[in-house]
Amino acid sequence: MSGVVAQRPARRRLELDERKRELLAAARAEFTARPYDEVSLDRVAARAGSSKALLYHYFPSKRALYTATLKQAAAELLTRTEPDPRWAPDERLRRGLEAYLDYAEEAGPGYVALLRGGVGVDKQVFEIVERTRERFISRAVAMMGVTDPPPTLQVALRGWLGFVEAASIEYLRHRRLTRQQLLSLLMRTAIAAVDGA
């Protein structure tokens, strides 16, 4: 008897977790399709097949929903760009950049809005973006086998990462280069930044 009672909360919890995942997926689709200011919570709830009241149960504001969606997206980006240690360093760089560009193209306006400020000067958004950037820099340092990176290398990598972000936005907005040309440019500038440091 007690075993049956103990199972009910776990099952109910699973249903609630699933509803939350559905709401996050719907929010992500909306934030990816249009800038933050154009996203409607009514549309998010409708897309999830849910009520606005349930959305507010999990996320007390549009900003809270956005930051939750952003955390999820940042975690996915880091997972998708995780290099395989069996690959040579140049292969890890190339594949990581390809995965990054795949992600940027899929996210579209949401990616551009995020790197251009998303919801303005928001501390939580800034911290999520900064943590993601720091992870990329840590990966690059580890890939080079450097245990105590000098400031020049850290600055060079940070600058290169800023270049990757700006160049990918330019690519998405204007398509003046082919994707292969952009990839080649990003790889060459990575080598130049590290050599310069």
Side-chain angles (χ1 to χ4, degrees), residues 24 28 31-36 66-197:
L24 279 170
R28 186 163 175 186
F31 286 122
T32 297
R34 55 192 50 84
Y36 175 85
Y66 180 73
T67 55
T69 304
L70 182 56
K71 282 180 188 174
Q72 184 186 62
E76 182 188 328
L77 175 60
L78 288 167
T79 298
R80 286 174 59 171
T81 56
E82 181 72 45
D84 188 327
R86 296 172 297 179
W87 298 332
D90 61 334
E91 182 73 2
R92 278 185 263 175
L93 175 63
R94 184 181 63 77
R95 290 197 187 198
L97 284 169
E98 285 176 341
Y100 184 93
L101 293 175
D102 286 343
Y103 178 87
E105 287 189 290
E106 289 167 22
Y111 171 81
V112 174
L114 166 63
L115 294 180
R116 291 227 162 142
V119 292
V121 183
D122 183 283
K123 186 178 177 186
Q124 282 185 298
V125 170
F126 178 77
E127 287 174 357
I128 293 165
V129 174
E130 278 301 294
R131 278 196 304 270
T132 306
R133 288 171 176 152
E134 289 299 327
R135 284 288 305 279
F136 281 130
I137 292 168
S138 296
R139 280 183 186 174
V141 168
M143 189 169 66
M144 289 183 274
V146 178
T147 54
D148 187 22
T152 52
L153 180 59
Q154 292 177 2
V155 170
L157 290 172
R158 169 64 73 147
W160 176 74
L161 187 55
F163 178 77
V164 170
E165 292 172 358
S168 59
I169 288 173
E170 179 71 12
Y171 168 73
L172 290 173
R173 294 186 69 211
H174 302 293
R175 306 284 179 164
R176 292 177 181 150
L177 299 177
T178 66
R179 180 170 157 140
Q180 188 54 48
Q181 287 173 321
L182 175 62
L183 182 61
S184 177
L185 176 63
L186 296 178
M187 291 190 67
R188 288 196 312 271
T189 55
I191 294 165
V194 172
D195 285 348

key: Any side-chain heavy-atom pair of Val194 and Leu157 under 4.5 Å   = yes

Quiz item: So, the side chain of Arg28 versus the backbone of Thr69: is there a donor-acceptor pair under 3.5 Å, distance only?
Solution: no

Check your understanding: Got a sec: does the CZ of Arg86 have more than 12 other heavy atoms crowding it under 6.0 Å?
Key -> no

Correct closest heavy-atom pair for Thr178 and Tyr171 would be C-CE1, 4.0 Å

Rounded to the nearest 0.5 Å, the CE atom of Met144 sits from the CG atom of Leu93 at a distance of 10.0 Å

CD of Glu130 to CD1 of Ile137, rounded to nearest 0.5 Å, is 8.0 Å

Should Glu82 and Arg139 count as an ion pair when the cut-off is N to O under 4.0 Å?
yes

NZ of Lys71 to CZ of Arg131, rounded to nearest 0.5 Å, is 6.5 Å

Closest non-hydrogen contact found for Ala190 with Trp160 is N-NE1, 3.2 Å

Is Arg34 positioned over the aromatic face of Phe31, cation under 6.0 angstrom from the ring centre and no more than 45 degrees off axis?
no

Ser168 and Leu182 have their tightest heavy-atom pair at CA-CD2, 4.5 Å

Applying salt bridge (Lys or Arg N to Asp or Glu O under 4.0 Å) to Glu98 and Arg80, what does each step give before you reach the verdict? CA-CA 10 Å; Glu98 285 176 341; Arg80 286 174 59 171; over 6 Å; no

To the nearest 0.5 Å, atom CG of Leu177 lies from atom CG of Leu183 at 11.5 Å

Query raised in the report: Would a 4.5 Å heavy-atom cut-off, applied to side chains only, mark Phe163 and Leu186 as touching?
Result: yes

Ser184 and Arg188 have their tightest heavy-atom pair at OG-NH1, 2.7 Å

Rounded to the nearest 0.5 angstrom, the CG-CE distance for Asp90 and Met187 is 6.0 Å

On a heavy-atom basis, the closest approach of Thr32 and Ala107 is CG2-O, 2.8 Å

Distance col, row Leu161:CG vs Tyr100:OH, nearest 0.5 angstrom, shows 6.0 Å

Sorted by chain and number, sequence neighbours left out, salt bridge (Lys or Arg N to Asp or Glu O under 4.0 Å) with Arg135 holds for none

Kindly indicate, with the supporting measurements, whether the criterion side chain to side chain contact (heavy atoms under 4.5 Å, CB included) is fulfilled by Arg95 and Asp84. CA-CA 9 Å; Arg95 290 197 187 198; Asp84 188 327; over 6 Å; no

Review point. Are any side-chain N or O atoms of Ser138 and backbone N or O atoms of Glu134, one a donor and one an acceptor, separated by less than 3.5 Å?
Key: yes

Nearest heavy-atom approach of Ala156 to Ala197 is CB-CB, 3.8 Å

